[in-house]
> 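Got a structure here, written out as structure tokens. Questions coming.
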Number of protein chains: 2
Amino acid sequence: MWLSSTAQTALRAVLYIAEHATEGPVRVEDIAAAANSPRNYLSKTLHVLGREGVLQSTRGPRGGFELLVPPNELTLAQVIQPFAPITDRRCLMGRAECGGPHPCAVHGRWVGIADAIEQFFGQTTVADLLPTPIQITIPNPK
Amino acid sequence: MWLSSTAQTALRAVLYIAEHATEGPVRVEDIAAAANSPRNYLSKTLHVLGREGVLQSTRGPRGGFELLVPPNELTLAQVIQPFAPITDRRCLMGRAECGGPHPCAVHGRWVGIADAIEQFFGQTTVADLLPTPIQITIPNPK
DNA sequence: TGCTAACATCATGATCATATGATAAAATAC
DNA sequence: GTATTTTATCATATGATCATGATGTTAGCA
């Protein structure tokens with residue numbers, strides 16, 4: 001019932017890139033190792049996110065992938081969408097009629113769940129996933 | 001993100017059987033036509049529900065499929081389960097660590113959604129899906 | 001017994017998601 | 001401009017889900 005393997009990997013990958021944003025472009029090689037995903041397949045996946053405007057890739061030495069959207073503005077929906085529709089509001093049992101003026105008896109509740117899911121992915125950002133060490137800088141007593 | 005085609009078909013099929021429960025066993029042929037599903041594939045699908053104790057099949061003339069569980073006790077979860085896990089509570093991005101004592105920052109909200117879905121399928125019954133003409137028996141004035 | 005109606009099952013194929021290895025293309029550094 | 005580092009892409013393979021057609025099996029009935 002859940003996210004495709006590719007979509008999950010995309011999330012892990014983007015998260016890893018966000019975590020290493022300060023160090024410049026991140027190599028597919030490293031992302032693949034961290035996200036536990038085959039290199040070339042991940043490359044294709046990230047390429048898609050490039051087309052979507054989420055990532056930027058640069059080739060050659062010191063190249064790699066970078067975020068084009070700041071983590072706190074990048075929703076999980078934006079990362080997942082290209083690989084699978086997050087939800088649709090169609091009938092849970094796939095009946096065409098249910099979309100029209102004669103929905104089945106449970107259609108309302110069903111759509112309610114779809115709404116909750118959509119909200120979750122639409123409002124949660126990559127920043128929410130980052131380990132958030134409360135940054136207390138303790139001055140060195142020496 | 002949603003139910004597999006097989007699971008959706010199973011729901012439509014069971015609903016159709018429930019609707020025609022009074023007429024004795026329902027033939028795969030008829031169910032297939034109503035549920036818009038290939039005959040033999042549906043046969044296999046219904047067979048699985050037989051093994052699960054949801055349906056009973058009888059062969060030969062006047063044979064077909066019948067419900068073994070009354071519609072108001074038969075949850076959608078029981079119909080769907082054999083074809084796909086409804087939800088799991090694992091990390092939305094597939095990280096093993098998230099299950100343990102160090103869940104990611106959004107794991108709680110994520111599991112909340114899983115709970116809602118599980119409740120929906122676990123508490124909604126086939127009876128809830130039946131067209132519910134509010135049964136008012138008007139005594140015949142003649 | 002033999003015919004027919006029905007489900008059961010088997011072998012096979014189509015399609016899609018995922019994966020892999022080889023090769024191409026681009027950017028940088030020397 | 002050549003070598004090196006990196007992403008891009010292509011051809012192919014694998015596995016799962018879904019589908020189809022042929023054949024097997026069981027039950028009822030004349």
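All chains are named by letter (A, B, ...) in the order of the sequence lines, taking the proteins before the strands, and each is independently numbered beginning at 1. Hydrogens, waters and symmetry mates are skipped; everything else that's a heavy atom, side chains included, is used.
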> Closest approach of A:Asp128 and A:Gln123, non-hydrogen atoms and distance?
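Shortest heavy-atom separation between A:Asp128 and A:Gln123 comes out as OD2-O, 4.0 Å.
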
> Name the residue closer to the 5' end of DNA chain C, choosing between A:Arg62 and B:Gly63 according to the nucleotide with the nearest heavy atom.
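Its nearest nucleotide lies further toward 5', so the answer is B:Gly63.
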
> In whole angstrom, give the distance that lies between atom NE2 of A:His47 and atom C1' of D:dT9.
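To the nearest whole Å, that distance equals 9 Å.
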
> Of all nucleotides in DNA chain C with an atom under 4.0 Å from a non-hydrogen atom of chain A, which is the first and which the last going 5' to 3'?
C:dT18 to C:dT28

> Does one hydrophobic cluster hold both B:Tyr41 and B:Val54, with members joined at side-chain heavy-atom distances below 4.5 Å?
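The answer is no; the residues belong to distinct hydrophobic clusters.
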
> In whole angstroms, how far is the P atom of D:dT6 from the CG atom of A:Asn40?
15 Å

> Relative to the 5' end of DNA chain D, which residue comes earlier, A:Lys44 or A:Gly60, by the nucleotide with the nearest heavy atom?
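Looking at the nearest nucleotide for each, A:Gly60 comes out on the 5' side.
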
> Going by modelled atom types, is there a donor-acceptor pair between the base of D:dT7 and the side chain of A:Arg59 at under 3.5 Å?
yes

> On DNA chain D, check which nucleotide each of A:Ser43 and A:Pro61 is closest to and give me the residue with the more 5' one.
A:Pro61

> Please work out whether the ring planes of B:Trp110 and A:Phe121 are parallel, tilted or perpendicular, with thresholds of 30° and 60°.
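Ring orientation, 0 to 90° scale: perpendicular.
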
> Does B:Asn72 have any side-chain contact (heavy atoms from CB on, under 4.5 Å) partners at least two apart in sequence or in another chain, and if so, which?
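Once residues adjacent in sequence are excluded, the partners of B:Asn72 under the side-chain contact (heavy atoms from CB on, under 4.5 Å) criterion are B:Pro70, B:Ala127.
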
> How many angstroms lie between OG1 in B:Thr6 and CG in B:Leu11, if you round to the nearest 0.5 Å?
11.5 Å

> For residues 93-107 of chain A, which side-chain N or O atoms pair as donor and acceptor with protein atoms under 3.5 Å away, sequence neighbours left out?
{"unit_1": "A:His107", "atom_1": "NE2", "unit_2": "A:Arg89", "atom_2": "O", "d": "3.4"}

> Return the residues of residues 17-39 of chain A meeting this criterion: a heavy atom under 4.0 Å from some atom of DNA chain C. Order them by number, or give none.
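Within this stretch, A:Pro38 sit under 4.0 Å of the strand.
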
> Name all residues meeting the ring-ring contact (aromatic ring centres under 6.0 Å, His included) criterion together with A:Phe83; count only those two or more places apart in sequence or in a different chain, and write none if there are none.
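Listed in chain order: nothing, the list is empty.
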
> Salt bridge (Lys or Arg N to Asp or Glu O under 4.0 Å) with B:Glu19: which residues, sequence neighbours excluded?
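Checked B:Glu19 against salt bridge (Lys or Arg N to Asp or Glu O under 4.0 Å); zero matches.
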
